[in-house]
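Since the structure comes first, as structure tokens, the remarks are kept for the end.
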Amino acid sequence: MADVFPGFSSKTFRFLGDLSRNNNKAWFEAHRAEYEACYVGPGSALVVALGPLLQKFARQVQFEPRVNGSVARIHRDTRFTKDKAPYKDHLDLWFWHGQQKGWTAPGFFLRLGEKKLLLGSGMHRFDPGQLAAYRAAVVDGRKGAALNKALKSAAAAGESIDRKSTRLNS
């Protein structure tokens, strides 16, 4: 049976907002205890509660209730961006499908910010073989039609579909 998750406290949202406004190493180090109590602790608890529930309909879903497991690290990779803010101002959780955890594994994700919640499923990116197979499926008469039908069905059900994310880049 899945553990009961008590929810995120107002302290979690306050921490995320304060971090967004004070995104620097000195502030973060002075508030490291809040990071552990308001970010890592509740994030890990949600992973423990949600992981077994996801496995009920996606048996191969994997999760690890720790940072660099299902709880994404808070540090940003700033090597290739103009924005050098060192920390993410949100909490990311990842539940992946299969034994290989990585960006090319399908899965479920949750992003919690001070004022925003995003839920999703799918893939972050395809490796070259996966991308070739996906492109072939999209242009295949039967498989492409099935994908189009599924997208239309989701849109009709009131789901928000980002058409850009389903478009193939040449």
Side-chain angles (χ1 to χ4, degrees), residues 1-21 23 34-77 81 83 85 87-127 130-131 133-134 137-138 146-169:
M1 173 131 186
D3 289 6
V4 175
F5 175 65
F8 291 98
S9 75
S10 61
K11 292 177 183 179
T12 298
F13 299 99
R14 191 173 321 117
F15 171 78
L16 291 170
D18 289 347
L19 176 61
S20 181
R21 292 181 287 280
N23 201 319
E34 290 173 61
Y35 159 72
E36 294 292 339
C38 301
Y39 184 100
V40 176
S44 296
L46 182 55
V47 168
V48 168
L50 195 53
L53 297 174
L54 290 171
Q55 287 177 331
K56 286 184 178 182
F57 66 89
R59 290 186 186 125
Q60 292 190 12
V61 164
Q62 305 294 316
F63 59 95
E64 296 174 13
R66 64 178 182 80
V67 173
N68 283 332
S70 288
V71 180
R73 58 195 293 264
I74 197 166
H75 298 84
R76 294 180 62 240
D77 181 354
T81 181
D83 179 3
Y87 305 103
K88 298 173 188 170
D89 62 356
H90 55 270
L91 168 67
D92 283 339
L93 302 180
W94 176 242
F95 303 82
W96 63 95
H97 184 85
Q99 296 304 312
Q100 286 295 105
K101 177 187 170 223
W103 294 117
T104 58
F108 303 98
F109 69 90
L110 176 146
R111 174 169 288 173
L112 178 70
E114 179 186 24
K115 297 179 182 178
K116 188 184 290 188
L117 172 66
L118 297 172
L119 302 171
S121 66
M123 307 249 320
H124 186 268
R125 72 171 182 233
F126 294 125
D127 67 27
Q130 291 169 319
L131 182 58
Y134 176 75
V138 167
L147 174 61
N148 200 28
K149 182 179 177 183
L151 290 170
K152 286 180 181 178
S153 176
E159 298 293 330
S160 174
I161 300 295
D162 178 0
R163 297 271 179 213
K164 292 178 186 172
S165 68
T166 60
R167 189 176 51 200
L168 294 179
N169 295 326

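Side chains included, hydrogens not; waters and symmetry mates left out as well; all remaining heavy atoms used.
When all heavy atoms of Tyr87 and Asn23 are compared, the closest pair comes out as O-ND2, 2.7 Å. Closest approach of Phe126 to Leu131, counting heavy atoms only: CB-N, 3.5 Å. When all heavy atoms of Val67 and Arg73 are compared, the pair lying nearest together is CG1-CA, 3.9 Å. Between Val48 and Pro65, the shortest heavy-atom distance links the atoms CG2-CB, 3.5 Å. What you find for Pro42 and Cys38 is that their closest heavy atoms are CG-O, 3.4 Å.
No donor-acceptor pair under 3.5 Å is formed between the side chain of Asp89 and the backbone N or O of Leu19. A donor-acceptor pair is defined here as one N or O able to donate and one able to accept, closer than 3.5 Å; such a pair exists between the side chain of Gln62 and the backbone of Gln60. In terms of modelled atom types and a separation under 3.5 Å, the side chain of Arg76 and the main chain of Ala85 share a donor-acceptor contact. Not a single donor-acceptor pair under 3.5 Å links the side chain of Ser121 to the backbone N or O of Gly107.
Considering only heavy atoms from C-beta on, Leu110 comes within 4.5 Å of Leu46 through its side chain. Using a 4.5 Å heavy-atom threshold, the side chains of Leu93 and Val71 count as touching. Side chains of Ser70 and Trp96 form a contact here, defined as non-hydrogen atoms less than 4.5 Å apart. The shortest side-chain heavy-atom distance between Leu16 and Tyr39 falls under the 4.5 Å cut-off.
Distance check: His90 NE2 to Ser20 OG gives 10.5 Å after rounding to the nearest 0.5 Å. Interatomic distance, Ile74 CD1 to Lys88 NZ, rounded to the nearest 0.5 Å: 8.5 Å. The distance from atom CG of Leu112 to atom CG of Leu119, rounded to the nearest 0.5 Å, is 9.5 Å. With rounding to the nearest 0.5 angstrom, the CG atom of Leu54 is 12.0 Å from the NE2 atom of His97. Distance check, rounded to the nearest 0.5 Å: CG of Leu147 to NZ of Lys152 gives 11.0 Å. With values rounded to the nearest 0.5 angstrom, Gln130 atom CD is found 4.0 Å from Met123 atom CE.
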TODO: Could you walk me through whether Phe63 and Gln55 pass side chain to side chain contact (heavy atoms under 4.5 Å, CB included), step by step?
DONE: CA-CA 10 Å; Phe63 59 95; Gln55 287 177 331; 3.6 Å; yes
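Ring geometry for Tyr35 against Phe15 counts as tilted: the plane angle lies between 30° and 60°, on a 0 to 90° scale. The aromatic rings of Phe57 and Phe108 sit perpendicular, their planes meeting at an angle over 60°, well past the 30° parallel limit.
Around CZ of Arg21, the count of heavy atoms belonging to other residues, nucleotides or ligands within 6.0 Å exceeds 12.
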